[in-house]
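Take a look at the structure set out below.
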Amino acid sequence: MNDIKKEEEKSLNFIEEIVEEDLRQGKYKTILTRFPPEPNGYLHIGHAKSICLNFGLALKYGGKTNLRFDDTNPVTEDVEYVESIKEDVRWLGFQWANEFYASDYFEQIYGFAVKLIQKGLAYVDDSSSEEIASQKGTPTEPGRRNKFAERTVEENLQLFSDMREGKYKDGEKVLRARVDMASPNMQLRDPVIYRIKHAHHHRTGDKWCIYPMYDFAHGQSDSIENITHSICTLEFVTHRPLYDWFIKELEIFPSRQYEFARLNMTFTVMSKRKLLQLVNEKFVSGWDDPRMPTISGLRRRGYTPESIRFFAEKIGVQKRDNLIDVSLLEFCIREHLNKIALRKMVVFEPLKIVITNYTGEEILKSENNPEDADTGHREVPFSNELYIEREDFMENPPKKFFRLAPGQKVRLKSAYIIQCDEMIKDGNGNVTELRCTYLPESKSGGDQSGMKVQGTLHWVSVKHAIHIEVRSYDRLFRVEDPANEEGDFKEYINPDSLQIISSAYAEPGLKNAKFDERYQFLRKGYFCLDKDSSEDKMVFNRTVTLRDTWAKEQKKG
RNA sequence: UGCCCGAUAGUAUAAUGGUAGUACGACAGAUUUUGGUUCUGUUUGUCUUGGUUCGAAUCCAGGUCGGGCAACCA
């Protein structure tokens, strides 16, 4: 049985199989991977999958991973993104061996282009992008070369040099690789490899006015760094023949590219372009809005790096399109938070109760975390005036309502059993207060009452409670796959994805809350302190609710 | 109509020619001073048609369906 289990745990994803095979055959003594983001947006949970894969492989097989910024398009890139990306990767728990930039290699890549020209394998084309597109043919008809393809090596060398010198305006000329205009693979029909952009680059400044295209920078950068396994997503499969062609013609280190399916998740979108729209058009407060699937959003929401790594492990790596149920992510964070979160009591919508046979006040003890005895107990003040959750009382309860109702008994968590004797109502018939009596011999820890009650409620003492703001989040979209719905994905935004309770009542101990601690508000969910907190108001984000079988039961009814 | 990739319960993911398993979800129950946690059980699956084989999710062929590719984006 145990052996079977071990066997199962050992099952490898297809990339691990490739790596193990390469290692077994002695193709490489050690592996080198890289995580290659373009600094034009914040990282999201889909990137986390890639980060865990690339860094995880190196960790597992004793190799290293570089962080390399694919910064070949200066008009969309920014240092703000570079910084956020580094912070996110670090926060996820990974250390890169080297921090590199494709722009570090611009001189070498320029040299590669010259070499291609010298071999007669690249030419300067004066056509407009429209002309180039129209000459490219279609998937069923071959493309054709234009007269510029006939330029001599010397002429091309001179022209390319002039491009670099800034003698031409944006779009006036491009450098193209001479591959195969009749290839059924469109990527091979003499792709553009250099274009003119008189733009300021976040690292190289104004040194360059020509920039290599992705296809002429990415693989070359891999090669320069001696990356053994260059792992990317499926949309680059058709680029691989070009990747290999450059390696062969340039006679450089043969990195190999392998592709896996990107992560999609229900009730969210997973493209930097769409996420940027949500930010720019103020549907969310920023890239780190806790409803965003960005790593910074998840971090602010209260997700832990452990939970995200666990998630990445559970979803695996494969080549088929997928749409992962967000409930799996929620399972992963609950799993971790249940183990580490400190328990606190917070009442969101208060209903006051007065215990008529109790006088004075006392300090009670309650577990910090029943899952971890080492965390010990905390002190919670108790008195004759308490708040309970309004939804924990019903005047006319349905069957199986294990909470408070006229004449019914419940336990107050870590305190006493109480019974509801009397309701006090306002002029409209709304219950404003409950009069209860407690059973003195039912005190938690030394219950002598012999009484069994079905329900246990959280509570706070009125005079000791502190006020906090609570922000509860729900899924950002109303539909499972907003990117694949008719029309604009933004039409499917969930208007109720943020609910704010500006004054919830919390046990006083919560005033010592720390940013790096996680809390479970009993029966409510997992929460963390938000950066919007100030001296006079603490703000808490709900990371995720607790599983709630009662709510489910009610929905059915 | 070209080329490429893929298809296993609702969603994911294993099984690498030899009993289709696991997780999440759902459902039912036990335990519980959180309707949480934990535990137990139930349910649902190899896209299709042929072929090879003693034996096929796996190998082969045809089909179907889904995705990608014709940016001076990555």
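Each chain gets a letter, A, B and so on, in the order the sequences are listed, and its residues count up from 1.
Of the possible polar contacts, none joining the A:Glu77 side chain to the A:Val82 backbone as a donor-acceptor pair under 3.5 Å is found.
A straight line from CZ of A:Arg320 to P of B:rA9 spans 10 Å, rounded to a whole angstrom.
One C1' atom belongs to B:rG25, the other to B:rA61, and the distance between them is 38 Å to the nearest Å. Nucleotides B:rC47 and B:rG66 have their C1' atoms positioned 11 Å apart, rounded to a whole Å. Spacing between B:rG55 and B:rA30 at atom C1', rounded to whole Å, works out to 43 Å.
Across all strands shown, B:rU64 forms a Watson-Crick or G-U wobble pair, both distances under 3.5 Å, with B:rA7.
Here the side chain of A:Thr238 is nearest to one of B:rU37, B:rC69, B:rA74, namely B:rC69. Checked against B:rU11, B:rA74, B:rG36, the side chain of A:Asp325 finds its nearest nucleotide in B:rU11. Checking B:rG25, B:rG2, B:rG36 against every side-chain atom of A:Asn338, the shortest atom distance belongs to B:rG36. When distances run from any side-chain atom of A:Pro139 to the nucleotides B:rA12, B:rA71, B:rA70, the shortest one goes to B:rA70. The side chain of A:Leu546 sits closest to B:rU34 out of B:rU37, B:rU34, B:rC73.
Two residues, A:Val174 and A:Leu522, neighbour RNA chain B, and the one matched to the more 5' nucleotide by heavy-atom proximity is A:Leu522. Two residues, A:Phe331 and A:Asn369, neighbour RNA chain B, and the one matched to the more 5' nucleotide by heavy-atom proximity is A:Phe331.
The aromatic ring centres of A:Tyr211 and A:Phe106 sit less than 6.0 Å apart.
Look at A:Arg195 and you'll find a side-chain N or O under 4.0 angstrom from OP1 or OP2 of B:rC73. Remark: A:Thr140 is not in phosphate contact with B:rC3, judged by side-chain N or O atoms under 4.0 Å from OP1 or OP2.
By the neighbour-count criterion of 12 heavy atoms within 6.0 Å, atom CZ of A:Arg145 is densely surrounded, having more than that number from other residues, nucleotides or ligands.
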**Study point:** Step-by-step side chain to side chain contact (heavy atoms under 4.5 Å, CB included) determination, A:Val124 to A:Tyr194
**Key:** CA-CA 9 Å; A:Val124 173; A:Tyr194 259 94; over 6 Å; no

